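Note that this is a predicted model, so its numbers are computed, not measured. Values below: every heavy atom of this structure, side chains too, minus hydrogens, waters and symmetry copies. Chain A is the first sequence line, chain B the second, and so forth, proteins listed ahead of strands; every chain is numbered from 1.
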Amino acid sequence: MIDVKLLRTDLPAVVSNLERRGFSLDTEWYTQQENTRKVLQIKLEDLRRQRNEGSKKVGQIKSQGASPTDLSIHLDHLAQIDQNLEITQKTFRTLEEALDAFYLTVPNLIDADVPDGMDSSQNRELRRVGTLPHYPFTVRDHVAIGEKLGGMSFSEASRIVGTRFVVLKGFLAQLQRALINFMLDIHVQEHGYEEVYVPHLVNRDSLIGTGQLPKFESELFKIAKSADWYLIPTAEVPVTNLARDRIFSRDELPCQWVAHTPCYRSEAGSYGKDLKGMIRQHQFEKVELVCVTTPDRSNDMLERLTAHAEAILAKLELPYRIMLLCAGDTGFGSAKTYDLEVWLPGQNDYREISSCSNFREFQARRMHARWRKGPKDKPEWVHTLNGSALAVGRTLIALLENRQDEGGKISIPEALRPYLGGISHLPEELIRPNQVI
RNA sequence: GGAGAGAUGGCUGAGUGGUCGAAAGCGCUCCCCUGCUAAGGGAGUAAGGGUGAUUAAGCCCUUCGAGGGUUCGAAUCCCUCUCUCUCCGCCA
């Protein structure tokens with residue numbers, strides 16, 4: 001949620017900032033509601049004051065043993081106030097609910113150093129890392145590699161559930177598991193994150209907290225059994241909500257958490273996009289970094305977090321580029337986002353494999369996540385950040401496509417070999433099924 | 001799934017209709033005392049919001065899990081829901 005006070009005091013600044021995203025704020029509606037709110041609230045609070053004072057007096061009158069007529073006159077007067085109060089309260093509540101609902105649909109303010117632009121074509125490429133591979137043969141995409149190697153089955157998945165799922169078997173399943181462990185270990189051991197295991201179902205409040213609701217319900221899978229349980233679309237939701245309703249002391253911050261979870265997305269509205277293969281699935285594995293920090297450090301933390309995601313790509317020797325998203329392409333709750341895009345030879349293009357964002361106070365307001373500088377100080381909002389490091393399914397694709405040879409073998413980057421029993425190439429039997437005699 | 005108990009400030013925990021935004025203790029902050037250490041004394045210490053010159057003072061409103069009800073008045077009485085704990089059952 002953006003700062004309500006800022007809306008009240010400097011509406012033009014908010015409007016022009018949000019225009020950079022292509023979001024147009026209904027100023028006429030808002031101004032009118034807000035002005036009414038102010039008048040109504042003053043009136044309401046005054047009526048409540050009168051009632052409180054009147055009620056107190058009843059107690060005094062009674063204890064002083066005043067005449068019954070005095071008392072009934074006073075009670076009549078109070079009844080009138082109450083009647084007025086009830087009407088005012090009803091109107092005020094309706095108004096406030098409308099305003100609250102409105103606030104939840106307003107995106108975050110964009111950082112000043114985010115470039116202008118309305119869509120991904122105007123994202124700014126900051127740099128490229130790694131050299132693109134050249135092949136003296138026709139490259140296969142990951143689907144073709146999967147077919148050749150075996151162990152990647154879309155047809156079986158579709159029989160089990162439907163489209164946009166995959167079954168991985170044998171060394172491909174093991175490769176995915178190796179990647180997860182590899183990423184977690186690096187973040188814990190080299191980058192100083194605390195590993196957390198979290199629920200894969202979350203309630204409405206958590207999704208409102210991180211900003212997926214109320215606006216993006218269609219992208220979520222809802223559990224039929226419960227009124228407000230959803231499958232997580234990213235570990236960001238349960239992990240960031242660890243900060244919900246908390247007041248951190250200075251020395252507890254920053255919190256740096258890493259979690260591996262599956263992610264479930266309905267991908268409504270992406271029909272026809274990336275239909276083939278593992279690029280866009282209803283279920284995929286991801287290792288997510290989440291940071292809760294003091295405001296003065298959040299700029300720095302975004303750079304660090306992004307560097308931590310890059311470190312994984314670098315260790316896996318995958319070529320990538322780093323993009324600074326333009327205002328129009330930056331997500332609803334984010335003030336500034338870097339995307340890491342990995343090179344996919346099968347697509348002859350870079351594709352998103354990580355997205356690292358600074359949410360500043362936006363999620364903290366929704367979650368009531370605060371911190372206190374010193375014991376005497378007022379609580380302030382924390383800043384929250386998160387980034388994928390990395391999307392595991394796409395990492396697996398990237399490895400298959402970038403490290404294939406003509407015969408269809410995949411070379412394993414040095415850094416990953418300890419996680420695969422030391423082998424240098426796939427396919428090789430990593431762990432043989434027991435022979436039953 | 002069955003039975004019971006509970007939800008109060010940073011924490012523990014009192015509080016069954018007005019004098020309660022809330023005792024006491026712990027923690028924390030400041031001050032005093034004590035030549036180290038240990039200990040002692042005093043004061044302060046919830047959050048959100050409105051108004052105010054929108055980071056003043058002041059005044060005011062709201063909040064004792066959430067929502068509704070009774071009442072002139074609710075932390076306190078009634079109803080619904082959520083969550084937590086204990087015991088039994090079931091279970092990876």
Aromatic contact between A:F221 and A:H282, with the criterion being ring centroids under 6.0 Å apart: yes or no?
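Here the rings of A:H282 and A:F221 have centres that are less than 6.0 Å from each other.
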Verify whether the ring centers belonging to A:Y264 and A:Y230 lie closer than 6.0 Å.
no
Would you measure the distance from the [atom1] atom in [N] across to the matching atom in [M] and give it in whole Å?
N     : M     : atom1 : result
B:C11 : B:G67 : C1'   : 28 Å
B:C85 : B:U34 : C1'   : 46 Å
B:U55 : B:U76 : C1'   : 38 Å
B:G10 : B:G44 : C1'   : 16 Å
B:A39 : B:G27 : P     : 10 Å
B:A22 : B:G15 : C1'   : 8 Å
B:U16 : B:G69 : P     : 25 Å
B:A23 : B:U80 : P     : 32 Å

Does either side chain, that of A:N358 or that of A:S298, offer a donor lying less than 3.5 Å from an acceptor on the other one?
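Side-chain D/A pair, A:N358 to A:S298: present.
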Please check the phosphate of [N] (OP1 and OP2 only) for any side-chain N or O of [X] closer than 4.0 Å.
X      : N     : result
A:R370 : B:A47 : no
A:N52  : B:U62 : yes
A:K57  : B:G18 : no

Run the salt-bridge test on [X] and [Y] with the 4.0 Å N-O cut-off and return the result as yes or no.
X      : Y      : result
A:R8   : A:E34  : yes
A:K286 : A:E288 : yes
A:E190 : A:K315 : yes
A:D274 : A:R351 : yes
A:R49  : A:E53  : yes
A:D205 : A:R244 : no
A:R265 : A:E219 : no
A:K373 : A:E380 : yes

In whole angstroms, how far is the [atom2] atom of [N] from the [atom1] atom of [X]?
X      : N     : atom1 : atom2 : answer
A:D245 : B:U63 : CG    : P     : 18 Å
A:K378 : B:G9  : NZ    : C1'   : 14 Å
A:R372 : B:A47 : CZ    : C1'   : 9 Å
A:R93  : B:A66 : CZ    : C1'   : 13 Å
A:K90  : B:G68 : NZ    : C1'   : 13 Å
A:K373 : B:U29 : NZ    : C1'   : 17 Å
A:R246 : B:C11 : CZ    : C1'   : 13 Å
A:E96  : B:U62 : CD    : P     : 13 Å

Give me, pair by pair, the N or O atoms of the protein and of nucleotides 70-73 of chain B that are less than 3.5 Å apart, along with how far apart they are.
| residue | atom | partner | partner atom | Å |
| --- | --- | --- | --- | --- |
| B:C72 | O3' | A:D82 | OD2 | 3.4 |
| B:C72 | O2' | A:S55 | OG | 3.2 |
| B:C72 | N4 | A:K62 | NZ | 3.3 |
| B:G73 | OP1 | A:D82 | OD2 | 3.3 |
| B:G73 | O4' | A:S55 | OG | 3.2 |

At under 4.0 Å between heavy atoms, what does A:R250 touch on the DNA or RNA strands: base, sugar-phosphate, or nothing?
nothing
Between A:D111 and A:R360, is a salt bridge (Lys or Arg N to Asp or Glu O under 4.0 Å) present by the stated rule, with each step listed?
CA-CA 10 Å; A:D111 276 7; A:R360 302 201 175 278; 2.7 Å; yes
Hey, which of these two, A:I247 or A:T9, hits RNA chain B nearer its 5' end, going by closest nucleotide?
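Counting from the 5' end, the first nearest nucleotide belongs to A:I247.
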Residues within residues 28-50 of chain A bordering RNA chain B, heavy-atom distance below 4.0 Å
A:R37, A:K38, A:Q41, A:I42, A:E45, A:R48, A:R49
Map every base of RNA chain B to its dot-bracket character, where paired means a Watson-Crick or G-U wobble contact with both distances under 3.5 Å and | marks a partner outside the strand.
((((((((.[[[..)..(.....]]]((((((.......))))))((((((......)))))).[[[[[..)....]]]]])))))))....
Check the orientation of A:H191 and A:Y193. Use parallel for under 30°, tilted for 30 to 60°, and perpendicular for over 60°.
perpendicular
